[in-house]
Structures are given as C-alpha cells and as structure tokens.
Amino acid sequence: MTLDLPARPPFSLRAVARSHGWFSLAPYGWDDSTESLSYVARPGSGRVVEIVIQESASGVRIQADDSLSEPEWGEIADRVAWMLGLEQDLSTFYDLARKEPKLAHLEEQAQGRILRSPTLFEDGVKTILTTNTSWAGTIRMVTALVSQYGAPLPSDPSRRAFPSPNELAATDEQTLRSEARLGYRAPFVLELARSVATGILDLESLRSPSIPTAELRKRLLAIKGIGEYAAASLLMLLGRYDFVPVDSWALNMVSHEWYEGQPIGRGEVEQAFEQWGEWKGLAYWFWDWSSASQA
DNA sequence: GGTAGACCTGGACGC
DNA sequence: GCGTCCAGGTCTACC
C-alpha cells in the first residue's frame, strides 16, 4: 500500500535525506539507485514495519506493509511529515540567501530542510553519540544500540527499529559500556532513557513551537551529556536556527574562511554568522565551504 | 564566568 | 603485535 503526502515547494527528497549524516545511521537507509529513503518504524501499536519513501510530483510517496491499519498509517504520515519537514516554510530564509553568493543556490536546489528522527528521544540519543567521537564512532555506537536493543523487523530480523526509552531504560550502564561500547556516554544515554521512560522528562513536548528558543535551549542543556554543541544541533532539528552548533569542524572551516587558518574560538564562529539572526544556524549549515575545505 | 583535567574509543604511528 | 599519542564535546571541581 502507498500513501502520498504533499510538501511545501521547493522540495527535494534527496536534498533532505542528504542534508547531514542521519541518513546513514540505523534504522535509516538510503538507496542511491532508486533515490529512496527507508526507515524501520515502530508505531504506537508496537508493530515493526519498514517504510520506503520516494519523491512524487507534489511531495513524497510512502510505501509500507499492506496490513497496516488506518491509525497506524495516520501515525506514520505524521511522523514522515515531521522527519522530512514537509510543511516547513523557508521562504524568508531563501529571500536572504538569494543575496549571498555562498547560499544563493539553496532555493533552486531545494536545500534547507534537515532530516530528523521521528522522535526527539531518538535525535537526542544520536546527538549525544556524535559528541567527542569520530563519525565512524557514531555509526558504530548507533548500530550497536539498534542491533542490541531495537525490536526486529519480522520480514528481516537483521533490521531493527530504534530502541524505545523503555527498552534502553531496562538495561544498565555496565552493559551499555561493555556491549554497545558507548564509553563514558553510557550513563548519559541511560539517564535520558530512564527520565523519558518514567515520565520525569517529557522530551516530545519540546517540539512545541510555543516554547521560546531561549527556554528550549535551557531545557536541552539541563540534560546530562548535552552541552552547547549538542543543544544547538537539537535546536536546529527542532527548526530553531538561532545558534550555531560549534564543533571542531566548524572552528576549522570558519578559521580558513575568514581568519586565514589562525586558531579561533566559539565566539568567532557565532560572530561570523551574527548577521543571519534567527537563520544563523541554517546559514552555517548550508554555507558553501568549498574554498575553506580546500585550504 | 572562565579554565583545567578527566572521561572512552578507535585510528594512526613508531618500534 | 604492542605501546603511545591524538582527536572528538561535556562534565566537574576549582578559582
């Protein structure tokens, strides 16, 4: 069975899927030959299903198991709309980007949306697993979490859903260290899972657009394991672009773009994009760094 | 508010 | 094959 969802133009599935590395983290998958994005989902019914998303004339077409119920389809439609930001309106940003040579191509290429997970819990855990490690390390840790704690897809048990807060909360720090090899991040992931599982932390409520960005950032920073970089990254996933996720790569790029390769700090990165105001993070994210990266 | 050191892991490197 | 060094953000203790 298939379901069509409209997207606010301009839209490109490839542009969203490849907006950052999330597409290569389980349980996502990207097939270059068919230009399709897959995801092993687990709606509230508890059933594990694979959904395959392809671009259509007006948005996307979702393909999934024929036996899905109407409520399950409804839930999947809502989640896909969130994951791909189908309704996001970036017209104000495009108006500004048109005047900047390093960003002028974005609207034509339908770039600007950032791929996210269906839940903020999943994005939170994955973001913690991007900190203080290489990208290969992030892939390894996420793969380990999904393969060891995620519910299997009945038609292909080698593929699994992302573990729920309850599933991760049921394990212990030592196991996360020794088997999933999360290192010192293990207690952070465990505490996050337990806080969400017990209801102490209502993470998904942070998706509400009514929460001021400053307040949202404060709440994210209160989560152990989430510092300034991770909070800015999560704010970006929540559609708040007021902060730049400054990591070592950002320092290097901004240094070569504007400071002749000299050592710089977080302040210089923020300053470099200050003029972009509420679009600061997005301008940084999609900046054409080709000249800086060749330096 | 700012800073130093510890936290883990895997990869690169030298022997 | 083994040991050492390094890169990657966040936390805690301390000033």
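Values below: every heavy atom of this structure, side chains too, minus hydrogens, waters and symmetry copies. The structure presented is a predicted model; accordingly, all values stated were derived computationally and were not measured. Just so we're on the same page: letters track the sequence lines, and every chain starts at 1.
- The residue Ile223(A) sits close only to the backbone: its heavy atoms come under 4.0 Å of sugar-phosphate atoms, none of a base.
- A salt bridge is defined here as a Lys NZ or Arg NE, NH1 or NH2 lying under 4.0 Å from an Asp or Glu carboxylate O, and Glu122(A) with Arg116(A) fails to meet this definition.
- Not counting sequence neighbours, Arg140(A) has no partner by the salt bridge (charged side-chain N to carboxylate O under 4.0 Å, His left out) test.
- Every residue meeting the salt bridge (charged side-chain N to carboxylate O under 4.0 Å, His left out) condition with Arg61(A), not counting sequence neighbours, appears here in chain and number order: Asp4(A).
- The distance between atom CD of Glu228(A) and atom P of dG8(C), rounded to the nearest whole Å, is 18 Å.
- Ala230(A) comes within contact range of the sugar-phosphate backbone alone, with a heavy-atom separation under 4.0 Å but no base atom that close.
- Across all strands shown, Leu182(A) has no heavy atoms under 4.0 Å from either base or sugar-phosphate atoms.
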> Can Arg42(A) and Glu167(A) be said to form a salt bridge (Lys or Arg N to Asp or Glu O under 4.0 Å), step by step?
Replying inline: CA-CA 13 Å; Arg42(A) 196 181 187 193; Glu167(A) 284 165 336; 2.7 Å; yes
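- Mapping Phe188(A) and Asn132(A) onto DNA chain C by nearest heavy atom places Asn132(A) closer to the 5' end of the strand.
- Mapping heavy-atom proximity under 4.0 Å, the span of DNA chain B touched by chain A runs 5' to 3' from dC7(B) to dG10(B).
- Looking at heavy-atom distances under 4.0 Å, Gly137(A) makes no contact with the nucleic acid at all.
- Contact annotation: Ser248(A) reaches the phosphate of dG9(C) (side-chain N/O to OP1 or OP2, under 4.0 Å).
- A cation-pi contact, defined as under 6.0 Å to the ring centre and within 45° of the axis, links Arg18(A) to Phe23(A).
- Residues Arg177(A) and Glu173(A) are paired through a salt bridge, judged by an N-O separation under 4.0 Å between the basic side chain and the carboxylate.
- Distance Arg266(A) CZ to dG9(C) P: 10 Å, rounded to the nearest Å.
- Proximity note for Lys224(A) (side chain, C-beta onward) versus dT12(C), dG9(C), dG8(C): the nearest is dT12(C).
- Donor-acceptor pairing under 3.5 Å, judged by distance alone, is present between the side chain of Tyr184(A) and the base of dG9(C).
- Here the P atom of nucleotide dT12(C) and the CG atom of Leu221(A) are 13 Å apart, to the nearest Å.
- Listed here is the closest heavy atom pair of Ser67(A) and Arg47(A): OG-NH1, 2.8 Å.
- For Leu234(A) and dG9(C), the CG to P distance is 14 Å, given to the nearest whole Å.
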